[in-house]
Amino acid sequence: MRQLQKIRQYQRLSVHYGFTPKLTTLAEVAEVALCSERHARTLLRQLAESGWLSWKAQPGRGHRATLHCLVTTSELSAPLMHACLEKGDYQSALQLADGDPASLHHIITPFLGGKWLKHQPTLRIPWYRPLTSLHPALHRRRAEQHIICAVHAGLTRYEPGQAQPVADLAHHWACSDDGLRWHFYLRSGTHWHNGQPLSDDDILSAVQQLLSDPARNSGLLHIDAVTLVAPWCLAVYLHAPDALLAHRLAHPVCRLPHPRQPEVGAGPFAIARHHSHFLRLERQPWYFATHPLLHAIEFWRTGTVADKPAWITVGKGSAPQDAVTSTSSGFAWLMVNAKLPEALAAYLRQTVLTLNQQCFGRREDLQIHTEILPGLQVSALPAPADSDLPPRLKLVCYNTPELRELAETLRLQLQPQGCELHTEWKDRDGWYAPDTLADADLLLGDHLATGMAEFALAEWFIYEPAWATALGEAGWEAAKQQLMQNSDSEAHFHAHLTPFFQRLLAEGRCTPLFHYRYRINALENVQDMVLTAGGWLDFTRAWLPPAAEL
């Protein structure tokens with residue numbers, strides 16, 4: 001963009017010379033503007049004609065001229081920023097803002113929400129942080145998990161409002177009477193986002209990669225082998241019966257990227273562009289199921305930290321529709337190292353519960369209660385006995401605004417009592433790194449629920465490494481085996497799940513703190529606002545009315 005280049009060159013001049021008249025030479029201007037003397041002469045003429053600066057040359061060879069910069073860079077770039085944003089060219093607007101998303105925050109709002117661009121319906125969503133890798137893995141955050149499910153297909157998947165998984169790349173499946181062999185009958189005639197036909201060998205390779213990946217396979221260790229027993233028929237062999245395998249395969253970590261091009265998927269949307277401050281997804285003509293009505297979804301980095309991360313504002317206008325809300329079945333939680341003395345552990349649990357109520361009891365976006373499943377109440381723990389605090393405790397805390405606030409409040413509470421709380425902040429990558437949590441005295445984290453709440457709770461127990469700290473490694477492994485033994489039928493699973501977690505909660509192994517209240521605000525022109533279990537808008541259902549009606 002020539003105008004952007006011209007602004008950049010003027011910016012170099014204004015930084016170097018300031019906004020008062022300065023004596024200089026053409027050679028010096030060329031050096032500052034990073035161009036030749038011939039181009040510098042043309043540039044100065046153009047900038048003077050535009051009224052950006054004045055250039056008064058003195059007659060005679062070697063005489064110094066007077067250069068006076070007249071306008072600020074922000075005055076020049078603002079109209080061009082608006083023009084770039086109107087066209088959806090967020091990257092050029094960001095360049096004009098010197099790569100700082102916060103500089104765009106005050107002008108970006110009118111360009112967000114549902115827009116018709118070049119006769120195509122586009123949804124633009126502001127986001128407060130960079131969106132990291134979109135390859136399925138355990139340590140992906142809530143937004144990344146949702147986008148992964150929009151980009152990559154799996155053998156099965158969850159539909160909002162349905163407790164049971166539905167067909168995806170497998171159009172149906174069957175389980176043997178003993179629960180040890182599953183057949184997944186695959187869709188033929190499907191394609192990857194790059195247009196290549198999706199073969200049954202591709203699916204087999206993708207599943208084998210899933211099973212060999214330690215960041216994804218924790219809930220699938222009971223699978224002995226996977227093979228194609230016939231064209232488009234995938235057989236899965238288990239060493240322990242599992243009536244819930246279709247649920248496990250609907251987890252976001254079990255989505256199946258292209259086995260050789262992991263950024264390529266087979267879901268309803270493809271990654272068109274992905275940078276640190278910008279993500280664009282585009283609807284795929286190759287998608288095998290019902291095609292979404294939105295053509296594209298864009299995430300624009302605003303650079304501002306969200307006060308309420310569970311509340312997403314898609315747009316803002318004069319006639320906003322009622323917000324779509326739901327309460328997460330996941331929750332933030334506290335765990336205490338099993339090696340701590342019981343009196344000390346009880347004191348710390350009660351202290352954190354009290355501070356949790358003080359910090360978040362009045363928050364609209366958080367719900368303070370103790371029911372993590374219908375009918376599964378957290379029993380009141382015994383009043384803690386007096387306990388001497390050690391001089392130092394270590395807290396490992398998942399890095400969210402709420403947990404940061406709670407951790408800092410706890411530190412201030414313990415400090416006057418002679419106990420220094422040392423806190424390590426972890427993102428999801430760091431949280432799942434080996435031995436990260438082993439020597440922590442306290443753990444603050446959160447459970448992201450997807451799909452059926454009961455099954456999501458059981459999966460969280462299997463995947464969450466904090467349980468090894470709360471129960472001890474051997475205790476955690478034994479409890480996982482117990483859960484798996486109860487998965488031989490769905491009836492058996494449901495009958496044993498509540499008592500299983502009731503015991504863990506009664507022992508204080510895990511202390512739930514709060515649930516997120518999800519909310520999405522949007523303009524009237526974004527229709528069919530349906531929330532997934534993770535609190536995100538279902539991109540496959542949303543649509544915009546015709547442009548003439550907007």
Side-chain angles (χ1 to χ4, degrees), residues 328-361 363 366-373 376-385 387 389-390 392-415 417 419-428 430-432 436-449 457 460-461 463-472 475-476 479 501-516:
S328 171
S329 58
F331 49 89
W333 47 262
L334 164 74
M335 293 189 197
V336 180
N337 195 311
K339 297 178 182 178
L340 287 186
E342 180 51 40
L344 175 59
Y347 174 81
L348 293 171
R349 280 192 291 266
Q350 188 57 56
T351 300
V352 172
L353 279 173
T354 301
L355 297 177
N356 181 66
Q357 180 66 39
Q358 293 173 359
C359 290
F360 307 130
R363 284 270 295 265
L366 303 178
Q367 181 171 319
I368 309 292
H369 69 66
T370 56
E371 187 177 272
I372 64 174
L373 285 176
L376 179 53
Q377 295 281 347
V378 177
S379 304
L381 298 172
S387 176
L389 289 171
R392 187 178 185 275
L393 288 170
K394 178 180 177 180
L395 167 67
V396 177
C397 182
Y398 180 59
N399 196 356
T400 68
E402 291 77 20
L403 294 181
R404 287 186 71 93
E405 179 181 348
L406 186 58
E408 176 61 14
T409 307
L410 178 62
R411 185 187 69 81
L412 295 175
Q413 177 80 11
L414 298 180
Q415 191 175 49
Q417 303 178 57
C419 178
E420 177 190 352
L421 183 67
H422 174 71
T423 304
E424 290 186 2
W425 309 103
K426 300 294 181 182
D427 58 15
R428 292 220 176 263
W431 189 269
Y432 287 92
T436 296
L437 313 180
D439 62 344
D441 298 304
L442 297 167
L443 295 165
L444 286 175
D446 66 346
H447 157 44
L448 302 180
L457 191 63
W460 168 63
F461 184 84
Y463 283 112
E464 176 52 65
W467 284 107
T469 304
L471 294 172
W476 185 38
F501 277 98
Q502 192 74 64
R503 176 180 60 82
L504 293 173
L505 297 178
E507 293 173 355
R509 304 294 187 178
C510 176
T511 304
L513 300 174
F514 56 81
H515 298 262
Y516 287 102

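Looking at Trp425 and Leu403, their side chains never come closer than 4.5 Å, going by heavy atoms from C-beta outward. Counting heavy atoms from C-beta on, the side chains of Asp441 and Leu344 never come closer than 4.5 Å. Using a 4.5 Å heavy-atom cutoff, the side chains of His447 and Glu464 are not in contact. You'll find the side chain of Leu348 reaches within 4.5 Å of the side chain of Leu393, heavy atoms only. Thr423 has its side chain within reach of Leu421: a pair of non-hydrogen atoms, C-beta onward, lies under 4.5 Å apart. Trp467 has its side chain out of reach of Leu437: every pair of non-hydrogen atoms, C-beta onward, lies at least 4.5 Å apart. Considering only heavy atoms from C-beta on, Leu406 comes within 4.5 Å of Leu444 through its side chain. When side chains are defined from C-beta on, Met335 does not count as touching Thr469, because their heavy atoms never get closer than 4.5 Å.
Atom CH2 of Trp333 and atom CG of Asn356 lie 14.0 Å apart (nearest 0.5 Å). Separation of atoms CG (Leu355) and CD (Gln350) is listed at 10.0 Å; rounding is to 0.5 Å. One distance of note links CG of Leu395 with CZ of Arg411; it measures 11.5 Å at 0.5 Å rounding. Within the model, atoms CD of Glu507 and CD of Glu342 stand 9.5 Å from one another, a figure rounded to the nearest 0.5 Å. Of the inter-residue distances, the one linking Leu471 atom CG with Leu504 atom CG reads 6.0 Å to the nearest 0.5 angstrom. The distance from atom CZ of Arg509 to atom CH2 of Trp476, rounded to the nearest 0.5 Å, is 15.0 Å.
What you find for Ala470 and Ala338 is that their closest heavy atoms are O-CB, 3.3 Å.
For Thr436, the side chain to side chain contact (heavy atoms under 4.5 Å, CB included) criterion is met by Lys426, Ala433, not counting sequence neighbours. Residues passing the ring pair (Phe, Tyr, Trp, His ring centres under 6.0 Å) test with Tyr398, sequence neighbours excluded: none. In this view, Glu405 and Cys359, Phe360, Arg363, Thr409 satisfy the side chain to side chain contact (heavy atoms under 4.5 Å, CB included) rule, not counting sequence neighbours. Residues satisfying the side chain to side chain donor-acceptor pair (under 3.5 Å) test with Asp446, not counting sequence neighbours, are Arg428. Under the salt bridge (Lys or Arg N to Asp or Glu O under 4.0 Å) criterion, Arg404 pairs with no residue at all, not counting sequence neighbours.
A donor-acceptor pair under 3.5 Å is absent between the side-chain atoms of His515 and the main chain of Ile368, judged by distance alone. A donor-acceptor pair is defined here as one N or O able to donate and one able to accept, closer than 3.5 Å; no such pair exists between the side chain of Arg349 and the backbone of Thr511.
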* Where do Trp431 and Asn399 land on the side-chain contact (heavy atoms from CB on, under 4.5 Å) test, with the steps shown first? -> CA-CA 10 Å; Trp431 189 269; Asn399 196 356; over 6 Å; no

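Residue pairs meeting the salt bridge (Lys or Arg N to Asp or Glu O under 4.0 Å) criterion with at least one member in residues 330-340, sequence neighbours excluded, do not occur.
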